[in-house]
Structure formats: C-alpha cells, structure tokens
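For reference, the structure discussed in these notes is given below.
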Amino acid sequence: MYTFKGGTHVREYKNTDSAPIERMPAPPTVAIPMSQHIGAPCRPVVKPWDHVDYGQLIGEVEQGLGCPVHASVSGTVKKIETRLSAQGNPVEVVILENDGLYTKSDRIKPFPKPLEEATPDEIVEVIRSAGISGMGGATFPTYAKLKGAIGKADTLIINCAECEPFITANHRMMLEHPERIIDGTRVLMQALGLKRALIGVEDNKPDAIALLREKAPTYIKICTLKTKYPQGDERQLMYALLGKELPTGKLPADIGCVIFNAETVAAIWHAFFNGTPLCKRVVTVDGDCVGRPANVKVPLGTSYRDLIEYCGGLIKQPERIINGGPMMGNAQWDFNASITKGSSSILALSHEFCQKGHSSLPSACIRCGRCVKNCPMHLMPNMLVNFAMRRRWDDAAAYHVMSCVECGTCSYNCPGGMQIVQHIRVAKATIRAAQTAARMREAALEKEKKGEVASSERK
Amino acid sequence: MNENEKITPVDGDFYGGLLTVTPSPHIKHTDTTTRVMVDVLIALAPAFIWGIIVFGLNAFLMPLIAVAASVFFEFAVQKLLHKPVTVGDCSAAVTGLLLGFNLPANDSYFLPVVGAAFAIVVVKQLFGGIGKNFVNPALAARVFLFLSWPTKMAAYPAAFDRTVVDAVASATPRAGGEVELLDLFLGKCGGSIGEISTLLLLVGGVYLLLRRVITWHIPVAYLGTVALITFLFPQGGGFFDLTFMLTELCSGGLVLGAVFMATDYVTSPVTAKGRLIFGVGCGLLTVFFRYFGAYPEGVSFAILVMNCLVWYIDKLTRPRVFGGARHGK
C-alpha cells in the first residue's frame, strides 16, 4: 500500500460509485467556450449560420500553448458571444443549435498505422489535434505535457486516485472500460518509448483494482494507494509511488515522471483508435440538492441546468453549484454555464450541507494544529493565515506560502471555521503581483540605463 | 455565510434562487471549536463527579461558580468592548471548570469569582480573546489566587470527611500526608477538587485521544520525563525508586496538568516535534520546582513557564516544506 505524509481522510460521499455511466441525449443547444484549458484561448473558425458536424473543428489555437475545440453536436452555429468562464474570465462562446442528426465530421478516422509503428511526434499530433487537455481539473494541454516529457521521463504514472469526495467518474470508467485506460496507457508508452507504466488507484475502489489487475498486461503495474486526500495531487502521487519529492518550482518531468489522469488517458484512447476528438466527458452529478445523482457522459457545452434536469432536477434550494470536486472546485453563479473539458463533477450543495454544524460565531484560530498535522506540503497554515491577515507578506513568503497547492485540507479540518486557503490565496496573489511589479521596474530601469548610454554615445 | 443571509426559494423555482460564490473547499469536517470544548467538558466529567463524591457539596459549588463567573465575565467583556459574543463556543466554560478543578473544596466562594475574573478578563480577553492568550487562563488564575490567598487556597478538606466544614488544612500527599499508593491512584486522598483521581483523569485523557481532540505527544512526553527523572534520581537520594516515582506521578495535579492543562491548544506548540519538546520541558521544570522550589508543587509554574516559550518552540520546529530545502529564506 502506497501513501504519503500528511493529508487527511475526507468523508468520501461516493454515492454514485455503483451508478453506471449514462449517455445523456444532447440538449437542443450547447454553448462551447473557446478556452477550456490553461493557455491561449482559441479563435473561432466558424461563423454564425455555418453548418457543423459532430467532431468538427470550431476553434483553433492561433499561437502558443492551447487546445483546439471541436463541435460536440451536429447542427448550426447560432451565434458567437462573450461570456464569463467558470473561473470568471471573459471568453468567447460558440453557441450551436443541435439538429439531432449526429452527422459525423469526416475527420473522425482512426490512426492509419498500428500503434507499434506510430512515432512520438505523430502521437503528440493526434493528441493535440483532438484537443485533449488534462481532465482531472487542472486542464493543462496534454500534448504539451507529453511533448515536454519525451526523452526526459522514465516513469509513466496514470492517476486513477480520484481522491476528491463525491466524484466517481474515473471509478466507473475503470469498471466499465478498463481496456480504454490500459490501451490508452500503451499509446502513451509508445510515445514516451517506455516499457513500463504505473496505474495508481485508491483502495476505496477494490473492484476497479481487481478488474484492472485482471486485464492489464504485466508491464503495467496497478498500485494500491491508501485512501487519503489529496492522494491525487501529482506531488503526493509521485511521493507515494516512487518516494520522490518534487522540488519546489520543478515540473514532474524534471525528476523523470509524467502523470496523466484516467479520463485523459481514455480520451487519448478515443483519439488514437477511433479518431474522435474530445467532445464529451463523464461528469458526476451529485450533491444533496440533486434528485438523481448519476454519472453522465455529457457533450461539452451542455449547460449545468440541462445536466441537472437530466439528473432528476433540483429537489431543494442549493446554496452553491460547484464545478469540480468539493475540495478544490469552483463555486459557480450561473446555471447556464457550460460543462467544459475540466468539469469532473457538478455538485449542488445546500447551505446546511456546506456549513456542517459550523455556527455563525466569528471564526478564530485556536491553534489546534490540525492544519499543520494534515498539510500535505508540510507548511504551517496557521502561521500563513496569521501573516496574511496582518499583511505581513515577507513573513508569509519566508514560511513558504508559495508552496501551497490550495488543496483545502487545512480549511476542511479547521474547527475554528477559518477560510485558511482563501487567506493564503490572497497572500500568494499579492506576493506574485509584487514580484511582477519588481521585475517590470527592473526591466524599465535597465531600459532607461541602456537608453542613456545610447544617447550619451550619440553625443 | 450567516444564518440570516440564507437564500429562500423563489416560488419553488430552485434555479431562480441566488447562488453563493465562496472559495473552496466547500465541505467541512464536523468538528467545530464548540465540539472540541464540549469534548473537553465530557472528558473532565468523571473526575468532577469523583470530586463531589469525595468532598461533598463544596466540590460541586466551587467549579459551578467558576464556570458561571467565567461565562459571565466573557459575556460582559465582549458586550462592553462591542465585540461579538462568543460564549457559545464553551471555551469560557472549559476555563471555568479547569479553574474549579484547581481549587480546594472549601467554602471560600469568592475564590472562583476572582479567579474567573482574572482568567477571562486579564489573561484571555485583554489579549484578544479565544486563541490569543499566551498563558493558560485557568492556570494563571490558579497561581494568582495561590499567591494572593495562600492559606485559603491551601485549606484542603480531608477526603470523605464531612465534619470539617471550615478551612482547616489537611495534609495533601504533596504536603507530607501519608497515603497508600493505590488510594492515591484511585483518588482517595486530599487535594484540590479535580486533581485527586489519577485513574479518572486518565480515562478522560483516553477519551480526548480517541476523539482526536489532543495528540499523545504532550502527555506522554510530560509524564515520561517526570517518571524517568524521579525514577532515576529520587528526591531523598539514592537511585531507582519505583514507589517514589509512582507517588510523584499520581500527586500534585500532575496528570490533570499533563492531560488537560499542558495540552491546551492555544498555549501549546502546533507541531508534533514542538509538542514533544514542550512536554519534556514541562516535565523537567516540574521536577525542578518540586525538588528545589519553595512550594510543594510545580506543575502550574512549569506549564506557565513553558507557555511563554511556545512561540519560540513553534519557530524552532517548523516542518521542512515538501520538496523544499532545509530552513532559511
């Protein structure tokens, strides 16, 4: 059994672990944001009234890091408008009217050669053009991660920990389509030139572990992880499986590792063996306000409202709608927002559920030390929150506030009800802004100096 | 977040209600400050009941007055200073009960009132309320009373002796009274109200450990240090005296101090390593004060001194950040 130091066993709420993945019929309209990933937003390549087929490219990356976006239904482009993304940034959204015909784009065809003959560059291109980004929530473009790891990484890890409460999408995927995860892993191994891979699964999914062990070839090792949050964080995962600590400021590839989420791997399988771009994803819909909690395969761009309606609608007033898991997900303000590539779950939680007996007494740190004991990054959140509240940014930096991964373990355990993570976010943002300002000032000074030199030379 | 900001459904259309946008995480553990404090009260209950059985009505009244006065003073100060009233978190009640535990079961009813005033007003609220005091309020109040009214604070009635109502001091084990070791462990002896039954205090400690309110570090380090030194170097000279060691462990409120006072969150270190250092320090000082001090006991002083070092211990035992180098900027 593999595990790491720190972390906490968060109550699991895996209500949907026996709910098979359902295919939701596509809604009459879908709204597809042009930015569903880290990196530059896409430029729409369709115009209103254009006809689009399922899987057709509708947003292309102009330059830099990014993922192309594809139509998740066939039909007509109704309009292109600017909305706010799940993170609160303005983003262009292509609204498609579903014609219900599901005419497939002719670009959907499997990779022409067998896997053994595919070159790393070809596989990277397949993944890039399929628009695959990390589907665990961080939404880093997968092709870029893979490209950066080729030649550097000697260990491939598939992250099936699924440590966030409520979410069972990966669990169901492993149970229903283990071959997709295994064959998707083989595609990645081919690209990376590796002979072995590790799949890490938390021990609260024994059925998935048994099934994967039965199906997997010997060169893919299934590792049982202790159920503990945040086991699915790549730092903790690498430490648990390999005993390697990721040094501050480094990427996993720097210590020879590359990690992909289970559903990302399934998307890679689809892209390679079927040629299907990333147009759908499995979403766990749950929370005490949802009528029929379920795992649903949803076309990207479906609104939260349509999805919740499909899952029995709301049975009471939710206080929060959360895109992602309850520990790290974002609270949303609009039921019309869209499911994107990073939406692993949609939760509708009531006020009572979120408060969990925490009264309206003012929050105060009683120095119980639970945040220190449970911090997976071995920080002292009690000190950080203190420094942040007193605007002592230098002290916060000296206590390594920038190493915080914002997993939420401290806030979850805090008996005083302190919003520790939020205070830390403020400290991080302030310090980052100060650093940027200092860099810009320095650059300006440098420029000025050079300019002076140049002008004096001219004289 | 507040109760009065709750959203109400608009004619059953749950999509129409306002959504709250709050930072993650969106779920919480069920343990709250109130729950923690109630757990401490539960853990103190057996020893309290035993104190009432041994000493009678006054052992019930003194802690009760201390609790009532503590809650009252907390309420009064917060009202006066226009601060939110937080008596609901039960922390004042815990302070009051611990203060009551440290009092003799006599009829000096002003002691708990003055003690509570000192603990809550001076030690706790003047420094900013819950979480901000740097020494344990109950212990500071005990020492304050002890130095101000030494005779009244030392007027211990004898165990199971209801004839002595007035303040006639009977010798406690620490003040030279002869008590069988087993009676000492069970609590059939004189002493302050809550300190006598080592057994029941340990039961409370086990409850706190099981409920994960406290960790093992401080009690084990504290009791272990005292046990080790008193076993190796008994006060009377010689070496390896098991009876002396056990007597030292079971007397003078050591277990009450080690399990309930030294583990007070606010005035103990937050790191595991720091808690071990803190416990060892308390142990060393306790033995030191007992062997060489002017007073028969040293637990209160030892813990108060260590309380003042907590900030430094915390700084000293900062964990190494995951993936980071050793300390330094």
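The sequence lines fix the lettering, A, B, ..., with proteins before strands; numbering per chain opens at 1.
Counting only heavy atoms from C-beta outward, the side chains of B:Gln125 and B:Ile120 approach each other to under 4.5 Å.
Highest contact tally toward chain B, considering only A:Gly416, A:Ser403, A:Ser363, A:Gly329, is held by A:Gly329 [criterion: heavy-atom pairs under 4.5 Å]. Your options are A:Ile315, A:Thr409, A:Val10, and the one with the most heavy-atom pairs under 4.5 Å with chain B is A:Ile315. If you tally non-hydrogen atom pairs under 4.5 Å between each of A:Glu406, A:Arg11, A:Gln332 and chain B, the highest count goes to A:Gln332. With respect to chain A, the highest number of heavy-atom pairs below 4.5 Å among B:Ser24, B:Gly88, B:Gly131 belongs to B:Ser24. Per-residue heavy-atom pair counts under 4.5 Å with chain B were compared for A:Gln422, A:Arg305, A:Met328, A:Lys5, and the maximum is reached by A:Arg305. Chain A forms more heavy-atom pairs under 4.5 Å with one residue of B:Ile27, B:Thr215, B:Val21 than with any other, namely B:Ile27.
Heavy-atom distances place no part of B:Ser91 under 4.5 Å from chain A, backbone and side chain included. B:Asp264 does not touch chain A: none of its heavy atoms, backbone or side chain, sits under 4.5 Å away. Heavy-atom distances place the backbone of A:Cys365, and not its side chain, under 4.5 Å from chain B. Contact of B:Val85 with chain A is made through the backbone alone, with heavy-atom distances under 4.5 Å. Of the atoms belonging to A:Tyr13, it is side-chain heavy atoms, and not backbone ones, that fall under 4.5 Å from chain B. Contacts of A:Met380 with chain B are made by side-chain atoms alone, with heavy-atom separations under 4.5 Å and no backbone atom involved. Looking at B:Arg275, only its side chain comes within 4.5 Å of chain A, counting heavy atoms on both sides. Heavy atoms of A:Leu349 lying under 4.5 Å from chain B belong exclusively to its side chain. Of the atoms belonging to A:Tyr399, heavy atoms from both backbone and side chain fall under 4.5 Å from chain B. Only the side chain of A:Pro165 comes within contact range of chain B, with at least one heavy atom under 4.5 Å from a heavy atom of that chain. Only the side chain of A:Ile322 comes within contact range of chain B, with heavy atoms under 4.5 Å apart. The contact between A:Glu309 and chain B is made by backbone and side chain atoms together, counting heavy-atom distances below 4.5 Å. In this structure, the portions of B:Val266 lying under 4.5 Å from any heavy atom of chain A include both its backbone and its side chain. Only the side chain of B:Lys132 comes within contact range of chain A, with at least one heavy atom under 4.5 Å from a heavy atom of that chain. Contact annotation for A:Asn382: only side-chain heavy atoms (C-beta onward) come within less than 4.5 Å of a heavy atom of chain B.
A donor and an acceptor atom, one from each side chain of A:Asn336 and A:Ser303, are nowhere located under 3.5 Å apart. Side-chain contact check for A:Arg320 and B:Thr22: at least one donor-acceptor pair (N or O, by modelled atom type) lies under 3.5 Å.
Looking only at distances, a side-chain donor or acceptor of B:Arg142 sits under 3.5 Å from a matching main-chain atom of B:Asn102. Checking side-chain atoms of B:Lys28 against main-chain N and O of A:Gly417 turns up no donor-acceptor pair under 3.5 Å. Side-chain atoms of A:Arg367 never come within 3.5 Å of backbone atoms of B:Thr267 as a donor-acceptor pair (strictly under, hydrogens ignored). Of the possible donor and acceptor atoms, one in the side chain of A:Asp288 sits under 3.5 Å from a partner among the backbone N and O of A:Ser350.
Ion pairing between A:Arg370 and B:Asp31 holds under the 4.0 Å rule for side-chain N and carboxylate O.
No more than 12 heavy atoms of other residues, nucleotides or ligands lie within 6.0 Å of NZ in B:Lys315, so this atom counts as exposed by the packing criterion.
When every heavy atom of B:Pro25 is checked against every heavy atom of A:Tyr412, the shortest pair comes out as CG-N, 4.0 Å.
Note: B:Phe322 and A:Tyr239 meet the aromatic proximity criterion, with ring centroids under 6.0 Å apart.
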| query | Where do A:Lys316 and A:Glu352 land on the salt bridge (Lys or Arg N to Asp or Glu O under 4.0 Å) test, with the steps shown first? | reply | CA-CA 11 Å; A:Lys316 55 180 165 174; A:Glu352 294 72 25; 5.4 Å; no

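Remark: A:Arg292 qualifies as a cation-pi partner of A:Tyr310 under the 6.0 Å distance and 45° angle criteria applied to the six-membered ring.
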